[in-house]
Chemist: 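Before I ask anything, let me first share the structure, which is written out below as structure tokens.
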2 protein chains.
Amino acid sequence: MASEADSPKRPPRTSVWLEGKPATRPRRTDRGERGERGGLADPTPTPTSASTPAPALTTGEAAKGATPKAGAEQPPLLDRDRITTVSVRLLDAEGSAKFSMRRLAAELGVTAMSLYWYVDTKDDLLELALDAVFGEVRVPELTDETADWRDQLRELAVSYRSLLVRHPWVSPLIGKYLNIGPSSRAFSSAVLAVMGRTGLAPHGRMGAVSAVFQFVYGFGTIEGHFVQRCVEAGLTQDEYHRHAMGSIHEQPDVKRAFENAEELMEARGGETVEEMRERDFTFALDLMIAGIEAMRERG
Amino acid sequence: MASEADSPKRPPRTSVWLEGKPATRPRRTDRGERGERGGLADPTPTPTSASTPAPALTTGEAAKGATPKAGAEQPPLLDRDRITTVSVRLLDAEGSAKFSMRRLAAELGVTAMSLYWYVDTKDDLLELALDAVFGEVRVPELTDETADWRDQLRELAVSYRSLLVRHPWVSPLIGKYLNIGPSSRAFSSAVLAVMGRTGLAPHGRMGAVSAVFQFVYGFGTIEGHFVQRCVEAGLTQDEYHRHAMGSIHEQPDVKRAFENAEELMEARGGETVEEMRERDFTFALDLMIAGIEAMRERG
DNA sequence: ACCTGAACACCGTTCAAGT
DNA sequence: ACCTGAACACCGTTCAAGT
């Protein structure tokens with residue numbers, strides 16, 4: 001209806017993957033660099049770096065580029081993969097609140113402005129970091145025709161959840177960008193493929209995908225935030241939980257409102273906060289699968 | 001296990017509602033003010049202010065406090081409710097990226113530092129804004145014993161979703177804070193109450209709550225971001241969708257990966273982006289309810 | 001081709017001071 | 001009791017300049 005002429009702005013940037021700077025530029029170096037489009041930016045397992053509050057991190061990478069020998073034709077100090085990898089490490093270690101172009105540049109032993117040679121904006125950089133961590137998601141063997149779709153769905157859900165918990169900064173970005181980088185797409189394709197094996201009619205598949213993975217997204221988001229809070233406070237999850245409950249009980253009116261919730265917590269059983277969460281997650285996933293089976297019967 | 005002595009920091013602030021500045025301070029004015037603890041901060045329906053891109057907003061409130069008559073004992077320019085209400089309006093109109101203490105202060109006709117008389121930090125302020133919008137959620141009539149829990153659950157889910165879409169800035173905050181303000185708690189209580197009427201065994205209720213409302217959270221988050229993008233671009237949702245698809249098709253490798261997804265979109269049916277989303281949401285909610293019924297039978 | 005320094009227009013927050 | 005001005009330590013990004 002509305003003509004394009006009266007649109008107040010030009011159509012917006014949609015994604016690094018569509019309109020950003022090219023991943024690599026033509027360059028005259030003799031080492032065959034890895035950086036072709038879609039390089040998954042170092043899929044190291046990233047062994048829960050959130051658990052250590054970033055010790056000697058501040059001077060780690062900086063040394064490498066500290067002494068630029070004058071004279072010889074030097075290779076560039078940076079490339080997109082290195083920028084992306086270090087971004088992920090920094091985001092994991094210090095959280096998104098402390099992540100800045102200047103902080104990242106310092107970590108790379110370079111000034112902030114150098115980064116703009118490789119990315120257009122901070123948003124583009126975050127989109128790259130986002131796709132990089134999606135490379136960590138374990139995708140089930142999709143060619144196996146005999147496998148149970150329930151197992152495959154559970155595997156994807158568990159893997160997605162642990163991604164969100166390992167990298168709490170990821171969750172807001174998933175909402176913000178289109179998630180069309182190569183690793184994000186590999187994940188989405190796997191989800192759709194598995195859903196295709198449920199026996200659900202095509203018109204319901206997208207709804208079922210939403211049900212399962214928006215649930216995992218929400219669950220993992222809240223869980224990740226809580227875990228991060230605990231790490232920052234230097235408390236275990238149970239300690240933090242007790243601390244928060246203690247604070248609540250000091251406020252009589254708030255306390256009353258929480259008695260219901262606490263009864264329910266008793267009923268849930270389990271010793272630790274983690275155990276209870278585990279139970280809830282498993283139950284919810286079983287509920288979804290039962291729901292898919294029921295909807296399948298209805299056509 | 002870990003003794004409290006070696007904890008590196010003092011226990012952290014948990015919430016405005018527990019440790020922040022008191023909502024009102026003792027003051028010597030003769031008008032009986034409303035601001036006792038738990039005031040719901042103006043539950044005006046906020047008629048989807050996201051749809052108008054903030055026209056004369058910049059000078060709206062500022063005029064009110066512009067001419068402070070010297071002499072007479074003046075009432076304070078600010079109070080918590082007014083700060084909260086204007087924060088919500090500003091966040092709706094301009095998005096969280098542009099929201100700052102300085103911007104808010106300007107809107108209130110005051111300097112940024114005045115705000116710190118009423119809140120400790122920007123985080124506290126956002127926590128207040130968050131609880132204020134939770135006051136918009138329609139809670140079903142819980143005393144009605146004859147009502148179907150399915151209808152009540154759907155009502156809560158629909159209302160929660162529309163909250164997240166009307167206020168896209170809310171979603172990250174829900175992950176960030178404990179959500180123990182009065183309106184947040186009213187919502188949680190309602191959710192638990194309805195879940196109590198499903199016939200689900202107590203140990204499964206929390207899992208079922210997670211399933212349904214983390215799903216809605218994820219769904220509403222993504223939807224809200226998309227709607228916001230469209231508003232900012234000055235495009236309808238369909239126009240934006242076509243624009244993004246157009247961009248994708250210019251990238252041959254990306255295009256291939258999307259052909260699956262587009263087939264599925266055809267299968268979903270529906271004319272507009274909104275219609276398809278509506279279908280998916282309804283289907284997912286039906287799936288959840290079917291899942292609850294199935295889990296109920298298993299004990 | 002790749003990187004830097006200086007500058008612009010912002011942030012949240014503290015602190016001492018005003019009325 | 002309530003509000004301000006100046007200042008601190010930051011931001012993302014642009015632009016002209018260096019090698």
Side-chain angles (χ1 to χ4, degrees), chain A residues 13 20-31 33 35 62 64-80 82-83 87 90 94-106 108-127, chain B residues 13 20-31 33 35 62 64-80 82-83 87 90 94-106 108-127:
Chain A
R13 274 288 308 275
K21 280 184 160 67
T24 50
R25 299 153 177 265
R27 204 194 303 140
R28 207 151 269 288
T29 39
D30 38 4
R31 38 184 202 129
E33 208 113 20
K64 214 176 278 180
T67 52
K69 273 197 191 91
E73 240 211 56
Q74 329 163 51
L77 291 169
L78 301 178
D79 61 69
R80 253 199 192 191
R82 201 161 92 87
I83 292 174
S87 295
L90 224 38
E94 305 181 348
S96 60
K98 289 186 180 168
F99 181 76
S100 73
M101 298 299 270
R102 292 166 139 106
R103 178 73 188 83
L104 171 60
L108 288 161
V110 109
T111 66
M113 305 77 214
S114 320
L115 298 170
Y116 288 94
W117 184 258
Y118 298 91
V119 291
D120 278 334
T121 62
K122 190 188 184 187
D123 269 337
D124 281 7
L125 180 53
L126 290 172
E127 223 181 328
Chain B
R13 274 286 308 275
K21 282 183 159 68
T24 50
R25 299 152 176 265
R27 205 194 304 141
R28 206 152 271 289
T29 40
D30 39 3
R31 37 185 202 129
E33 208 111 21
K64 215 175 280 181
T67 51
K69 274 198 190 89
E73 242 210 54
Q74 329 167 53
L77 291 169
L78 301 178
D79 61 70
R80 254 199 192 190
R82 201 162 92 88
I83 292 174
S87 294
L90 223 40
E94 305 180 349
S96 60
K98 289 186 179 168
F99 181 77
S100 72
M101 298 299 271
R102 291 165 137 106
R103 177 75 188 84
L104 171 61
L108 287 162
V110 110
T111 66
M113 303 78 212
S114 320
L115 298 170
Y116 289 93
W117 184 259
Y118 298 91
V119 291
D120 278 334
T121 63
K122 190 188 184 189
D123 269 338
D124 280 7
L125 181 53
L126 290 172
E127 222 181 330

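Keep in mind it's a predicted model, so treat the numbers as computed, not measured.
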Chemist: How close or far is atom P of D/dT4 from atom CE of B/Met101, stated in whole angstroms?
Modeler: 13 Å
Chemist: Roughly how far, to the nearest 0.5 Å, is the CG atom of B/Leu77 from the OG1 atom of B/Thr111?
Modeler: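 These two atoms lie 10.0 Å from each other.
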Chemist: Between atom CZ in A/Arg103 and atom P in C/dC11, what is the gap in whole Å?
Modeler: 24 Å
Chemist: Is any NZ, NE, NH1 or NH2 atom of the basic residue among A/Arg13 and A/Asp123 found under 4.0 Å from an Asp or Glu carboxylate oxygen of the other?
Modeler: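 Answer for the salt bridge query: no.
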Chemist: Take the protein atom CG of A/Asp123 and the nucleotide atom C1' of D/dC11, then report the distance between them rounded to whole Å.
Modeler: 14 Å
Chemist: Backbone N or O of B/Leu90 within a donor-acceptor pair of the B/Lys98 side chain at under 3.5 Å?
Modeler: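 Not a single qualifying donor-acceptor pair exists.
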Chemist: To the nearest Å, give me how far apart CD1 (B/Ile83) and P (D/dC2) are.
Modeler: 11 Å
Chemist: Could you please name the option among C/dC3, C/dC11, D/dC3 that lies closest to any side-chain atom of A/Pro76?
Modeler: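 The answer is C/dC3, which lies nearest to the side chain.
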Chemist: Give the minimum heavy-atom separation between A/Leu78 and A/Arg82, together with the two atoms involved.
Modeler: CD2-NH2, 3.9 Å
Chemist: Using whole Å, report how far CH2 of A/Trp117 lies from P of D/dG12.
Modeler: 21 Å
Chemist: Between protein and nucleic acid, restricted to nucleotides 17-19 of chain C and to nitrogen or oxygen atoms under 3.5 Å apart, what atom pairs and distances do you find?
Modeler:
none

Chemist: Can you tell me which nucleotide in C/dC2, D/dT13, D/dG5 comes closest to the side chain of A/Ala112?
Modeler: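 Nucleotide nearest to A/Ala112's side chain: D/dT13.
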Chemist: Measuring from the side chain of A/Arg102 (C-beta onward, heavy atoms only), which nucleotide among D/dT13, D/dG12, D/dA7 has the closest atom?
Modeler: D/dG12
Chemist: Given atom NZ of B/Lys21 and atom C1' of D/dA1, what is their separation to the nearest angstrom?
Modeler: 13 Å
Chemist: Round to the nearest Å and state the distance from A/Leu115 atom CG to D/dC15 atom P.
Modeler: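 From A/Leu115 CG to D/dC15 P: 18 Å.
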Chemist: Does B/Ser114 reach a base, just sugar-phosphate, or nothing at all? Heavy atoms under 4.0 Å.
Modeler: base
Chemist: Identify the two heavy atoms, one from A/Arg80 and one from A/Lys21, that lie closest to each other, and give their separation to 0.1 Å.
Modeler: NH2-O, 2.8 Å
Chemist: Provide, to the nearest angstrom, the distance between the NZ atom belonging to B/Lys98 and the C1' atom belonging to C/dC11.
Modeler: 15 Å
Chemist: With distance as the sole test, does B/Tyr118 use its side chain to make a donor-acceptor pair with the main-chain N or O of B/Ile83 at under 3.5 Å?
Modeler: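 Not a single qualifying donor-acceptor pair exists.
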Chemist: To the closest 0.5 Å, what do you measure between CD (B/Glu127) and CG (B/Asp120)?
Modeler: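 Taking CD in B/Glu127 and CG in B/Asp120, the distance rounds to 11.0 Å.
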Chemist: Reckon B/Met113 touches a base, only the sugar-phosphate, or nothing at all at heavy-atom distances under 4.0 Å?
Modeler: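 If one applies the 4.0 Å heavy-atom cut-off, B/Met113 turns out to touch a base.
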Chemist: What distance do A/Thr121 atom OG1 and A/Met101 atom CE have between them, rounded to the nearest 0.5 Å?
Modeler: 7.5 Å
Chemist: Looking at A/Asp124 and A/Val119, what are the two nearest heavy atoms and their distance?
Modeler: CB-CB, 4.4 Å
Chemist: Respond yes when some side-chain nitrogen or oxygen of A/Tyr118 is under 4.0 Å from OP1 or OP2 of C/dC3, and no when none is.
Modeler: yes
Chemist: When Watson-Crick pairs (N1 to N3 and N6-O4 or O6-N4) and G-U wobble pairs (N1-O2 and O6-N3) count only below 3.5 Å on both distances, what is the dot-bracket string of DNA chain C, with | for other-strand pairs?
Modeler: ||.|||||...|||||.||
